[in-house]
Q: 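Supplied in structure tokens, the structure appears directly below.
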Amino acid sequence: ISEHTAELVDEELKRILGTAFEQARQIILEHRDALDRLAAALLERETLDREQVQLVVDGKPLPPVPPAAPLPAEPGTRGKPVAQPVRGPVLGNPPPEPAGA
């Protein structure tokens, strides 16, 4: 393509990206309070389901977190909790790296 055509493409691309950036910036500014509430809720809970996200965005309080269930006692341990087995990687152990990799 000619240099003139390349300049036209560059100018149009800059215009499109500038417009998209300003639209994204405006959306974030308009919804800043909801985004701040959502960030705080995620810091508190780490994960939220769809309904919880909607409550936070709407400015409503989240329901309290239910207490974790106690671990079951193994027979012969006199009521001591049983440690849960450690889960390995989803795909098992990866094969060893080839020499020199």
Side-chain angles (χ1 to χ4, degrees):
I1 60 173
S2 71
E3 187 174 321
H4 176 69
T5 302
E7 288 176 10
L8 290 174
V9 169
D10 286 346
E11 289 173 14
E12 183 65 10
L13 186 59
K14 285 179 186 177
R15 185 191 67 75
I16 291 169
L17 291 175
T19 301
F21 176 82
E22 281 305 315
Q23 287 175 342
R25 186 176 170 278
Q26 189 61 35
I27 289 169
I28 289 171
L29 289 174
E30 287 174 10
H31 300 283
R32 183 59 192 246
D33 291 340
L35 291 171
D36 288 340
R37 286 192 306 271
L38 193 56
L42 286 168
L43 286 171
E44 177 186 326
R45 304 243 179 144
E46 293 187 21
T47 59
L48 299 172
D49 62 26
R50 183 185 187 284
E51 291 79 19
Q52 291 170 329
V53 169
Q54 192 63 52
L55 286 172
V56 172
V57 169
D58 292 343
K60 298 176 183 174
L62 289 173
V65 178
L71 297 174
E74 190 172 286
T77 60
R78 299 183 190 187
K80 294 179 184 175
V82 177
Q84 296 294 326
V86 177
R87 293 179 55 188
V90 175
L91 300 176
N93 293 329
E97 290 286 329

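Excluded from the calculations below are hydrogen atoms, water molecules and symmetry mates; all remaining heavy atoms, backbone and side chain alike, are included.
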Q: Run the side-chain hydrogen bond (donor to acceptor under 3.5 Å, both in side chains) test against T5 and tell me which residues pass, sequence neighbours left out.
A: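 Testing T5 for side-chain hydrogen bond (donor to acceptor under 3.5 Å, both in side chains), a comparison that skips the adjacent residues, returns S2.
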Q: Any chance you could measure L62, atom CG, to R37, atom CZ, to the nearest 0.5 Å?
A: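 It comes to 11.0 Å.
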Q: Got a sec, which residues hit salt bridge (Lys or Arg N to Asp or Glu O under 4.0 Å) with D33, two or more places apart in sequence or on another chain?
A: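 None.
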Q: Please output the side-chain donor-acceptor pairs of residues 52-61 that fall under 3.5 Å, not counting sequence neighbours, one pair per line with the distance.
A:
unit_1	atom_1	unit_2	atom_2	d
Q52	OE1	D49	N	2.9
Q54	NE2	D58	OD1	3.0
Q54	NE2	D58	OD2	3.3

Q: With clusters built from Ile, Leu, Val, Met, Phe, Trp and Tyr whose side-chain heavy atoms come within less than 4.5 Å, directly or transitively, what are the remaining members of the cluster of V65, listed by chain and number?
A: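 Other cluster members: none.
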Q: Could you work out the complete set of other residues in the hydrophobic cluster of L35, with links drawn between I, L, V, M, F, W and Y side chains under 4.5 Å apart?
A: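 Once heavy-atom contacts under 4.5 Å are chained together, L35 belongs with I28.
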Q: Would you mind writing out the side-chain donor-acceptor pairs for residues 6-13 within the sub-3.5 Å range, not counting sequence neighbours?
A:
unit_1	atom_1	unit_2	atom_2	d
E12	OE1	R15	NE	3.2
E12	OE2	R15	NE	3.4
E12	OE2	R15	NH2	2.5

Q: More than 12 foreign heavy atoms under 6.0 Å from CD of E46: is that the case here?
A: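 Count not over threshold, so no.
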Q: With sequence neighbours excluded, tell me which residues meet salt bridge (Lys or Arg N to Asp or Glu O under 4.0 Å) with R25.
A: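 Scan of R25 (salt bridge (Lys or Arg N to Asp or Glu O under 4.0 Å), adjacent residues dropped) gives E22.
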Q: F21: which other cluster members, linking ILVMFWY side chains closer than 4.5 Å, directly or transitively?
A: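 Cluster partners of F21: none, it stands alone.
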Q: Please enumerate all residues that pass side-chain hydrogen bond (donor to acceptor under 3.5 Å, both in side chains) together with T47, with sequence neighbours excluded.
A: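 T47: no side-chain hydrogen bond (donor to acceptor under 3.5 Å, both in side chains) contacts found.
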